[in-house]
Amino acid sequence: MTDNTNMHLALIMNFSASPHTIGQWRLPRSFRGDSYLDASYWERIARTLERGCFDMLFFADSYTLHDRYQDSPDAAIRYAVQYPRLDPLTLVPMLSRVAPNLGFGVTGSTTFIPPYWLARNMATMDHLTEGRIAWNVVTSYSRSEAQNFGLDDIPEHDLRYDMADEYMQVCNKLWSSWDEDAIVMDREAGIYADPTKVHRIDHEGEFFKSRGPLCVPRSPQGKPVIIQAGASPRGLQFAAQHADVIFATPTASGGMAKHRAAINAALEAAGRSRDDVKVIWGITPVVGESEAEAKAKRDAIQANIHPEAALVLLSGHLNFDLSTLPDDVPLSDIEVSGVQAFARGQKMTAKQYAQRMAEGGNNLITGTATQVVDKMEALYTQGEGDGFMIVTHALPSSIDDFVDLVVPEMQRRGHFRSQYGSQQLRDRMFNETPNE
Ligand SMILES: Cc1cc2nc3c(=O)[nH]c(=O)nc-3n(C[C@H](O)[C@H](O)[C@H](O)COP(=O)(O)O)c2cc1C
């Protein structure tokens, strides 16, 4: 890799006591004097990320709890497995004021939310953030989510993506339903907007029907930055067609290089070039001032993982009750309807992979800032990536660690901006020259 590489950085959270690694809430360094239920906690995180010049704060989300394991919600509640789970969208207008450059990624499901509601919401957020909003398009994966929305079960995997394709069409039409110059504001004539420049969409498709126009004027970015994380063949086909940013994790069946090759092939099949999409890899850095300090932090993470809680998390993502699986069966032997990429080709057993996931996934990096950035450089090359999605552990101190220790080392090596350039998120992701 060359100097003056412009890496992108996002931080993944959910509005929860324990976002992505198991037992985060009980780590000795977590929630000292604050709580994830306090607005001030989120303001502090947003300010920290702004200080570190992050591209965005990204909120993963779903509308349920992980209750597939033993077909019961008890363990998810008992151990706070990505639970409780509040609505992150409500945080965005507030945080965008305390962090005036930071972008915000928010998850919305094409399986449950009507497209008109979603399109309106995102356009409103794009106005309020002055063009810093991104939408993480998910098709969702769990039965209990479906049941919260009045369905008996989640629609079948590939059908969800067929629905999502049409959903994107509807949203794109709604976001274009106001011409850019529709607002006239002619005070003398008393005309606010030109009705010939605001259009119905009259969409009537296989899954959705919407008349339009959207009741929100054209937003600063025109539409949100589109993020997607599907990793199955059908999911990649969808991402390649619609995404600006692909959030990737190494798949069991071949690691980063193979997954990147699959993304490239899907982009080619969709008639898009690799420059049209930014690929952001998930990593979990555990950083210390010394190697020994970093290792001690990692030991604390491992000591806090309740094995049953780990299985709850994995069962939830697979939409499969892993308590029914014999201990020695590799995950590749089961057929799942949830996040298929977590099981396909996976030679580990449920317990082994659940532990890995509970610690923060396949790219756990423990060490000093120098060691972490060395590893990031290697992963950047290996995955032909454009940046990283940072997974947290102690909250919010692991975010402080990254911003105070790792970001300066990235800047020193010319891999990351030291001040913001572009104001809007899409421009920042695509049009900034290195180290602007
Ligand atoms: C890294 C990663 C992050 C994801 N984040 C979310 C999320 O926040 N909310 C959600 O409902 N689904 C999430 N998903 C699930 C996907 O959106 C998708 O529904 C699921 O992966 C099934 O599609 P696939 O088989 O194509 O991967 C995520 C998946 C991956 C691999």
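Numbering of ligands and ligand atoms starts at 1, following listing order. Note: hydrogens, waters and symmetry copies are ignored here, and every other heavy atom, side chains too, is used.
- Among all protein heavy atoms, the one lying closest to atom 21 (O) of ligand 1 is V339 CG1, 3.5 Å.
- Using a 4.0 Å cut-off to heavy atoms of G230, the atoms of ligand 1 that qualify are 26 (O), 27 (O).
- Atom 22 (C) of ligand 1 has its closest protein heavy atom at G338 O, 3.8 Å.
- Taking every heavy atom of both residues into account, D61 and L86 meet most closely at OD1-O, 4.2 Å.
- In this structure, atom 6 (C) of ligand 1 lies nearest to the protein heavy atom V138 CG1, 3.9 Å.
- Heavy-atom contacts from other residues, nucleotides or ligands closer than 6.0 Å to CD of E156 number more than 12.
- Under a 4.0 angstrom heavy-atom cut-off, S109 registers as lying outside contact with ligand 1.
- The nearest protein atom to atom 15 (C) of ligand 1, hydrogens excluded, is given as Y141 CD2, 3.8 Å; this is a heavy-atom distance.
- Put simply, the residue from Q221, E130, R132 that forms a side-chain contact (heavy atoms from CB on, under 4.5 Å) with Q424 is Q221.
- What sits closest to atom 9 (N) of ligand 1 on the protein, heavy atoms only, is D61 O, 2.7 Å.
- By the 4.0 Å heavy-atom criterion, Y161 is counted among the residues contacting ligand 1.
- F149 and F112 have parallel rings, their planes meeting at less than 30° on a 0 to 90° scale where 60° marks the start of perpendicular.
- Between the side chain of Q82 and the backbone N or O of P19, at least one donor-acceptor pair lies under 3.5 Å.
- Looking at atom 4 (C) of ligand 1, its nearest protein heavy atom turns out to be A229 CB, 4.1 Å.
- When atom types are taken as modelled, the side chain of R426 and the backbone of P224 share a donor-acceptor pair closer than 3.5 angstrom.
- Annotation for R120: atom CZ does not count as buried by contact number, only 12 or fewer foreign heavy atoms lying within 6.0 Å.
- Atom 27 (O) of ligand 1 has A231 N, 2.9 Å as its closest protein atom, hydrogens excluded (heavy atom only).
- Those atoms of ligand 1 with a heavy atom of Q340 less than 4.0 angstrom away are 25 (O).
- In this pair, F58 and F247 present their aromatic rings perpendicular. The plane angle is above 60°, beyond the 30 to 60° band.
- Judged by distance alone, the side chain of Q70 and the main-chain N or O of S72 form no donor-acceptor pair under 3.5 Å.
- Residue contacts with ligand 1 for S232 involve both N, CA, C or O and side-chain atoms from C-beta outward (heavy atoms, distance under 4.0 Å).
- Only one option out of F31, Y36, F15 pairs with Y41 in a ring-ring contact (aromatic ring centres under 6.0 Å, His included); it is F31.
- Listed by number with element, the atoms of ligand 1 under 4.0 Å from a non-hydrogen atom of A60 are 8 (O).
- When each atom of ligand 1 is checked for a heavy atom of G235 under 4.0 Å away, the hits are 26 (O).
- V403 pairs in a side-chain contact (heavy atoms from CB on, under 4.5 Å) with only one of the listed residues (L9, T48, I45, I390), which is T48.
- Under a 4.0 Å heavy-atom criterion, S140 is in contact with ligand 1.
- Only side-chain heavy atoms of H157 come within less than 4.0 Å of ligand 1; its backbone N, CA, C and O stay farther off.
- Remark: minimum distance from atom 19 (O) of ligand 1 to any protein heavy atom is reached at T139 OG1, 3.1 Å.
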